[in-house]
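Numbering of ligands and ligand atoms starts at 1, following listing order. Values in this document were obtained by computation on a predicted structure and should not be read as measured data. We count residues from 1, following the sequence as given. Because only heavy atoms are used, hydrogens play no part in the values below, and waters and symmetry mates are left out as well, while side chains stay in.
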Amino acid sequence: MPADQVLERIVQKTLLSCPPDTSILEAATLMAETRCSSIIILDKAKPIGIWTERDSLAVDFSEPKALTRPISSVMSTPVKTIHGSTTLGDAGMRFKLEGVRHFVVIDDAGDALGIVSQSDVILRHGVEHFLVLRNVRSAIHQAMIAIPAETGLKEAVAKLHAARTDAAVVLGDGIAEHGIVTERDVLRLIASKRKVPLTVGEIASRPLICVRHDDSLLGARNLLDEKGIRHVGVTDDDGDLIALLSFSDILSTLQYEYVHRLDEALRERDEALIRSRKDLNLARKVIEASLDGIMILDAANRVEFVNPAFTHMTGYPPEEIIGQTPSILKSGRHDEAFYAHMYQSLEKQDYWQGEIWNRRKNGEIYPEWLTINVIRDESGDISQYAAIFSDITERKKTEERIKNLAYYDVLTGLPNRRLFTDRLQLAIANAHRHQHLMAIMFLDLDLFKRINDSLGHGIGDQVLIETAARLGHCLREGDTVARLGGDEFTILLPEIDHIEDAAKLAERLIAHVKQPFIIEEHELYITTSIGIGVYPDDGDSVEALIKNADTAMYRAKDLGRNSFQLYTPAMNARSFERLSMEASLRHAVTRGEFKLVYQVKVDLDTGRMSGVEALVRWHHPEMGLVSPVDFIPLAEDMGVISDIGEWVLREACKQCKHWHDLGLPPVRIAVNVSALQFKETRVPEVVASALRETGLPPQYLELELTETVLMQRVDEVVVVLKELRAMGIRISIDDFGTGYSSLSYLKRMPIDALKVDRSFVNDIFDENDKVTEEGAEIVSTIISLAHNLKLKAIAEGVETAAQALFLHSKGCDEVQGFLISRPVSGEDLISLFDRNLLPEAQEE
Ligand SMILES: Nc1nc2c(ncn2[C@@H]2O[C@H](COP(=O)(O)O[C@H]3[C@@H](O)[C@H](n4cnc5c(=O)[nH]c(N)nc54)O[C@@H]3COP(=O)(O)O)[C@@H](O)[C@H]2O)c(=O)[nH]1
């Protein structure tokens, strides 16, 4: 029978009871008639005492009035009670802990339901397997009381009482003559009201039923059951009576085992209790220390418990939230459907997890990651909800930052390529659906590299930031400006009515970018080239539109920069041209497709040739003559500029040496060196080898460098230039004024001349041949600057006599330009030696 069975199921419902004023005789009679070993004394249905067969031994038979005394005077009190819902397991423990053999079983009202004895409980614990393993001898713990049959009854009962035993052997002449007297016999005697016999032999039961000492206890118990008796004699191997075995002895043996097991169970229970207390303690500490907010709700959705983290996050202390519903935390950000879905999930899966916006006590709305678990009782009904949440404000911010990094350009804050293409994709779909035009623009800052190289990336970055802002100011809401990288920007116009709208915007953008940039102490003039692609004519996919706008932008650059171009299919042919040009350029040196032309420089004081500049030309077998403006940047991009530069240097030295060898007046030859070439190679070594190979004395070689060369790795450049100067090579700075070199750098550089860029020379006069204030000022300043630095000033791109005159008046030392001569072959140049080349002089 399981230990969780309750007492109500096994209780002896026929509770033998009597009121307190019942006489001992009446009580004994009741017990004898009903074969009950005890009687409960009830007062108004409440048990107040108990009287048992054992108590009957204390009755003084010699006292005539003994049996008429009220039972309440001899009963044992108080009566131990136990509730009917107590399990057999728990009842067993109570017997052990309280040291009694009977409990009155009561109901909720305290009324007696019946009585339960320890043996009732023990015997229901499945004892057969135990009894079969024990023999009768093992259950005997008490010496046998043997009383001769002729012993007086009063004396015999006193013996039983004194020995605290419930039975004794009444000795006969032989074993077959032995009998037994028990406390039940005494009770019956009291109940029979007959005259008290003189000797014990008169009430003894005979014969004494016996078992052998080595029989099993199970056999003995079955015999007791079968005969309806409570005692048997025990004989030894010789058949001699050696002891009395009572049902109580068997019970005691069982009890010993049972109690032993009970002790174990109690110990285990105590250990489990300690463990669970520890676990509880630990759980409490974990909950208290948890950084996650914890809120327990009852089945009616009222807050029962919150931990400190909850208070920390929401601002509500326990006393303000307990008893409330969690709706106090609602942010108002979620609609009814959201909560309906949450409750549905809790109902179906006992669980909900997700992101939710809640409101703190101070009104602030914040995001949480919330997990709710439903807790159900044994019958499956919802008893509580456990909500655990963490504040994910920081996580959201990080996600936002990551999103920004993924979709926005860090420097300018503009959308990046990814976001731009996403938006373009959408815009194309939209334009397709609604059948309207849309356009994209590809913008590239002109000569931006120069700013980076000469003024550094810090200034370059600020230019980009300012450019981004200017572009943004020109756009309408809904348009997107993005930075693809470097100095490349794109603009998306998701809906336009006419292509001209895009063209007008391009003009506005160009005008805005053209405004001077004031960055730190620098006043910078920057222009932009723009290519425009329109959907659907110029492409119906992201790739096609970007590619074609890019092509149009390159066309704008080719055509002089600072302008825009609408894409035309012919431009793609040009891109193709560029690709095939790249392929040819790789082989141009080895195939001998380059040649040099020479342009003279003239001394303004004497009118005579002061030097010659070598200029490279590429004779492409199919394309014809290709300008260096087209292929030098390409060669730089392709990484072949150093090869071309070396060839030019050798060829120029060879030509110059040739003129010398012809006996012409010795002339100095100037060779252009690209900034990239200067970076990639050890120029002094290349120069030394060219001079060595050709035999040209170093003083007849001049290198023309751009300002960009001066601005990169200044200290290294100074060393290299000094090396070249030490070799006797002359150094001049080409296109001076277009870069951003500073005076302090110039002073450190070992250079000989500044070449005024032809754009400044061109700006000296306006279209009406009037001197422009600004143009004249710039040229005069550069000439003065050169002279202040003890350098020669050379003006390039001189096309008119007026320009030459002006330059002479400002002290310019030399001029170069179509006025004197276009670049010519080495052979044709011979005619220009040793004569005055200035036009006025010619006229004279
Ligand atoms: N790294 C190298 N760069 C080179 C080399 N050869 C030339 N170049 C550079 O290419 C640019 C274009 O040169 P080019 O087409 O040869 O033009 C030169 C002249 O023809 C032109 N010029 C000369 N006088 C006038 C004039 O009166 N008007 C006018 N519109 N143009 C004129 O100027 C160019 C020479 O310029 P510069 O070198 O700045 O003195 C050019 O930047 C060349 O430097 C090479 O071998 N390597």
Proximal ligand 1 atoms for [X], defined as those under 4.0 Å from one of its heavy atoms:
X: S674; answer: 1 (N)
X: V798; answer: 27 (O)
X: G797; answer: 25 (C), 26 (C), 27 (O)
X: V629; answer: 12 (C)
X: V648; answer: 46 (O)
X: E799; answer: 26 (C), 27 (O), 28 (N), 29 (C), 30 (N)
X: E796; answer: 37 (P), 39 (O), 40 (O)
X: K755; answer: 40 (O)

Sub-4.5 Å side-chain heavy-atom contact between [X] and [Y]:
X: I532; Y: F442; answer: no
X: E702; Y: D752; answer: no
X: H522; Y: I518; answer: no
X: L505; Y: L475; answer: yes
X: L443; Y: M553; answer: no

Could a heavy atom of [X] be found less than 4.0 Å from some atom of ligand 1?
X: R617; value: yes
X: P823; value: yes
X: R822; value: no

Protein non-hydrogen atom found under 4.0 Å from atom 41 (C) of ligand 1: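 Within 4.0 Å: no protein heavy atom nearby.
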Heavy-atom protein neighbour under 4.0 angstrom from atom 33 (O) of ligand 1: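 Yes, because at least one protein heavy atom sits under 4.0 Å from atom 33 (O) of ligand 1.
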Just to confirm my output: which protein heavy-atom neighbour is closest to [atom], and how far is it?
atom: atom 23 (C) of ligand 1; value: Q599 OE1, 3.0 Å
atom: atom 36 (O) of ligand 1; value: R758 NH1, 3.4 Å
atom: atom 18 (C) of ligand 1; value: L615 CD1, 3.8 Å
atom: atom 10 (O) of ligand 1; value: P628 CB, 3.5 Å
atom: atom 3 (N) of ligand 1; value: N672 CB, 3.6 Å
atom: atom 5 (C) of ligand 1; value: V616 CG1, 3.6 Å
atom: atom 39 (O) of ligand 1; value: D735 OD1, 2.8 Å
atom: atom 22 (N) of ligand 1; value: F818 CE2, 3.8 Å

Distance-only donor-acceptor check, side chains T412 and D409, under 3.5 Å: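 Yes, D409 and T412 have a side-chain donor paired with an acceptor closer than 3.5 Å.
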Side-chain donor-acceptor contact under 3.5 Å, E680 with S642: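 The criterion, which ignores hydrogens and geometry beyond distance, is satisfied for S642 and E680.
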Is [X] salt-bridged to [Y], going by a charged N under 4.0 Å from an acidic O?
X: E693; Y: R650; value: yes
X: R822; Y: E799; value: no
X: D735; Y: K755; value: no
X: E507; Y: K504; value: no

R561 side, atom CZ; D446 side, atom CG - distance, nearest 0.5 Å: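 Here the rounded value is 6.0 Å.
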Which atom of A753 lies closest to which atom of R730, heavy atoms considered: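 Shortest heavy-atom separation between A753 and R730 comes out as CB-NH2, 3.7 Å.
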Polar atom proximity, Q816 to ligand 1 (N or O, under 3.5 Å):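 Such a contact does not occur with ligand 1.
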